[in-house]
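Take a look at the structure set out below.
Nothing fancy with the numbering, it's 1 onward along the sequence.
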Amino acid sequence: LKPLTLRGAHHTTQHKTSQLRLERDSPHVPQESTIQLDRYVDHGIGRSDKAETTTTTTTAVGAAPADTETGNALHEALLVADQLPEGEMPKRSTDVESAKIEPAKPKKSGRLESLDTMRGFSLTLMIFVNSGGGGYWWLNHSAWNGLTVADLLFPWFMWIMGVSMAIAFKARKTQKQSRSQMLVQVATRGLKLIAIGLFLNNGAKLYEWRIPGVLQYFGISYMWVATAMILTGSWDGAAARAATEAEARIASLNSGEGAGAGADGTESVLFADLKPYWREWPVVGLAPLVWLLVTFCVPVPGCPTGYLGPGGWADQGMYFNCTGGSHRAVDAALFGEGHFYDEPTSIVVYNSLTYDPEGFIGAFNAVLLTYLGLIAGRILLVHKSDTARTTRLVVWGALLLLLGGILCGFAQDGGVIPVNKNLWSTSFVLVCGGGGFWVLAMFYELVDKRKWWTGRPFKAVGMNSIVMYSGSEVFADYFPFTFATNRYNHWGVLLSNCVGVCVWIYVAAAMDKRRIYIKI
């Protein structure tokens with residue numbers, strides 16, 4: 001036996017119960033309950049009686065629990081009454097039954113699906129490249145100067161982190177955390193990334209641990225850019241207030257209320273995603289400045305100052321021991337000869353010395369690349385129009401690509417600063433950042449704006465990126481993520497790499513289906 005209780009206020013227009021729809025003929029509700037409900041409806045829902053509350057209790061044999069459809073059905077009668085004009089009421093329970101209530105539409109997710117798709121696309125190709133790239137030259141890293149598809153993937157992954165930071169930090173505004181609390185959280189996350197990177201790099205032999213690495217770059221650049229945001233007020237200070245005001249002006253212009261704002265209004269809208277954050281620029285700009293100073297001003301014994309070559313057999317062997325110039329010298333001084341990468345791509349072509357493509361000095365330009373991603377994220381936050389978003393992404397991409405091309409002389413080995421992933425040169429970072437703007441614009445048009453593509457299968461990979469990357473490193477030599485084949489058999493290598501990537505895509509899809517997302 002389960003009691004069913006109905007309560008009704010004498011002003012039904014103010015009644016707040018609005019959950020479910022009454023099902024008079026539900027098999028779970030006995031006819032006795034329906035009769036009592038009819039009596040209750042006839043006795044005052046929607047009427048102004050002297051009694052403020054009328055309560056009728058009936059006993060239903062075999063009634064369903066309150067959290068089922070039937071248990072909540074009685075409360076839906078009140079929803080129907082609330083939607084009737086004041087003073088009007090349903091005469092019988094059949095009126096309640098026949099009243100059609102539109103089901104609430106599911107809330108649209110605010111997640112930027114194109115960003116997840118781009119992250120997953122970059123990571124999927126990155127796993128494929130790390131597995132062997134099918135033996136294709138353009139899916140292998142450049143020997144020294146130059147640019148291949150493989151060279152773009154890791155930098156894009158880092159650029160995407162900057163985009164995500166803009167979105168994540170804006171969401172934290174409502175949490176009312178202090179700056180000290182935010183700094184602790186940033187440091188904790190950055191150190192976790194560095195720790196995971198150290199684990200993935202190494203085994204049990206501490207004397208030969210590789211200290212630099214991919215996730216180390218993520219941790220350093222994340223902490224640097226996030227600290228700049230927090231300390232300069234971009235999160236909760238004057239910059240944040242200025243950005244909020246700019247967003248309000250843009251919303252006003254989009255709604256037509258800001259028409260005729262004039263030149264000043266147009267300028268404020270044009271740079272609304274950039275101008276409020278000028279306090280960050282000196283802090284972030286310090287990082288690429290350090291790269292330039294160390295690269296071109298730090299002398300290395302036996303090498304020309306500012307040397308950017310691979311050493312070894314390059315330059316007729318004149319600078320055999322000068323691989324990477326000051327970059328390698330700094331790594332050797334900080335970490336020791338045995339604690340950085342010993343199989344760089346330059347060894348095969350130039351017989352160069354050991355060199356780490358994720359060395360300490362390159363991390364400073366990784367900060368710049370992350371910040372460029374942050375700018376892209378703010379474009380998506382500040383501007384609500386699809387056209388405005390796409391236009392700005394394309395323009396930023398074009399400007400960065402042009403500037404990077406000028407620095408390298410639009411040539412593989414030319415210009416003042418050649419494009420070089422091993423050095424994380426300034427031209428390389430600008431080209432990667434510009435490409436990131438363009439690729440995100442393309443994915444935004446396809447996935448978020450025009451909805452021509454759902455982002456599958458890459459979106460699921462992008463939503464569990466740390467698991468996919470870490471797992472691909474840990475299980476790189478295990479079946480079914482790879483299988484042994486003749487390294488000179490192109491089709492065998494290609495099949496092995498494709499099978500491994502497909503397995504990881506399946507793992508990501510299975511986690512997404514079960515709504516399992518692991519974050520750091």
Has [X] got a side-chain atom pairing as donor or acceptor with [Y]'s backbone, closer than 3.5 angstrom?
X: W453; Y: L446; result: no
X: N497; Y: G134; result: yes
X: D273; Y: V382; result: no
X: N140; Y: G135; result: no

Give a yes or no on whether [X] atom [atom1] has more than 12 heavy-atom contacts from other residues, nucleotides or ligands under 6.0 Å away.
X: F483; atom1: CZ; value: yes
X: W281; atom1: CH2; value: yes
X: Y506; atom1: OH; value: no
X: F128; atom1: CZ; value: yes
X: K513; atom1: NZ; value: no

So, for [X] and [Y], which heavy atoms are closest and what is the spacing to 0.1 Å?
X: S122; Y: I160; value: OG-CD1, 4.1 Å
X: Y307; Y: P310; value: OH-N, 3.8 Å
X: S326; Y: V294; value: OG-O, 2.8 Å
X: T323; Y: L353; value: OG1-N, 3.2 Å
X: T117; Y: G455; value: OG1-CA, 3.4 Å
X: M158; Y: A366; value: SD-CB, 3.5 Å

Using a strict threshold of under 4.0 Å (side-chain N to carboxylate O), is an ion pair present between [Y] and [X]?
X: E445; Y: R389; result: no
X: E358; Y: R210; result: yes
X: R328; Y: D331; result: no

Does a side-chain heavy-atom distance below 4.5 Å link [X] with [Y]?
X: H327; Y: F360; result: no
X: T426; Y: N365; result: yes
X: Q216; Y: N201; result: yes
X: L440; Y: L380; result: yes
X: W144; Y: L423; result: yes
X: K449; Y: T387; result: yes
X: L374; Y: E280; result: yes
X: L292; Y: I417; result: yes

Quiz prompt | Cation-pi, F157 ring and R119 (6.0 angstrom, 45 degrees) | solution = no

Aromatic rings [X] and [Y]: how do their planes relate, parallel, tilted or perpendicular, breaks at 30° and 60°?
X: F296; Y: W291; result: perpendicular
X: F437; Y: W396; result: parallel
X: W138; Y: Y136; result: tilted
X: F481; Y: W504; result: parallel

Exercise. Verify the distance criterion only: is there a donor paired with an acceptor across the side chains of T482 and S496 at less than 3.5 Å?
Key: yes

Quiz item: Does the side chain of H141 come under 3.5 Å of the side chain of T148 through a donor N or O and an acceptor N or O?
Solution: no

Practice problem: Run the ring-centre check on W424 versus Y217 and record whether the distance is less than 6.0 Å. | Solution: yes

Quiz item: How far apart are the C-alpha atoms of F335 and W209, what are their side-chain angles, what is the distance that settles it, and do they pass the ring pair (Phe, Tyr, Trp, His ring centres under 6.0 Å) test?
Solution: CA-CA 10 Å; F335 310 130; W209 261 35; over 10 Å; no

Quiz prompt | Residues in ring pair (Phe, Tyr, Trp, His ring centres under 6.0 Å) contact with Y444, at least two apart in sequence or another chain | solution = none

Self-check item: All pairs passing disulfide bond (SG atoms under 2.5 Å apart) where residues 316-417 contributes a residue, at least two apart
Solution: C303-C322

Quiz prompt | From V419, L430, V431, residue fulfilling side-chain contact (heavy atoms from CB on, under 4.5 Å) relative to L407 | solution = L430

Quiz item: Roughly how far, to the nearest 0.5 Å, is OG of S114 from CZ of F458?
Solution: 14.5 Å

Self-check item: Euclidean distance, T345 OG1 relative to N422 CG, rounded to 0.5 Å
Solution: 4.5 Å

Quiz prompt | Sequence neighbours excluded - salt bridge (Lys or Arg N to Asp or Glu O under 4.0 Å) pairs with any residue from residues 469-478 | solution = none

Practice problem: List the steps, then state whether ring pair (Phe, Tyr, Trp, His ring centres under 6.0 Å) holds for F121 with F443. | Solution: CA-CA 10 Å; F121 172 77; F443 280 124; 5.6 Å; yes

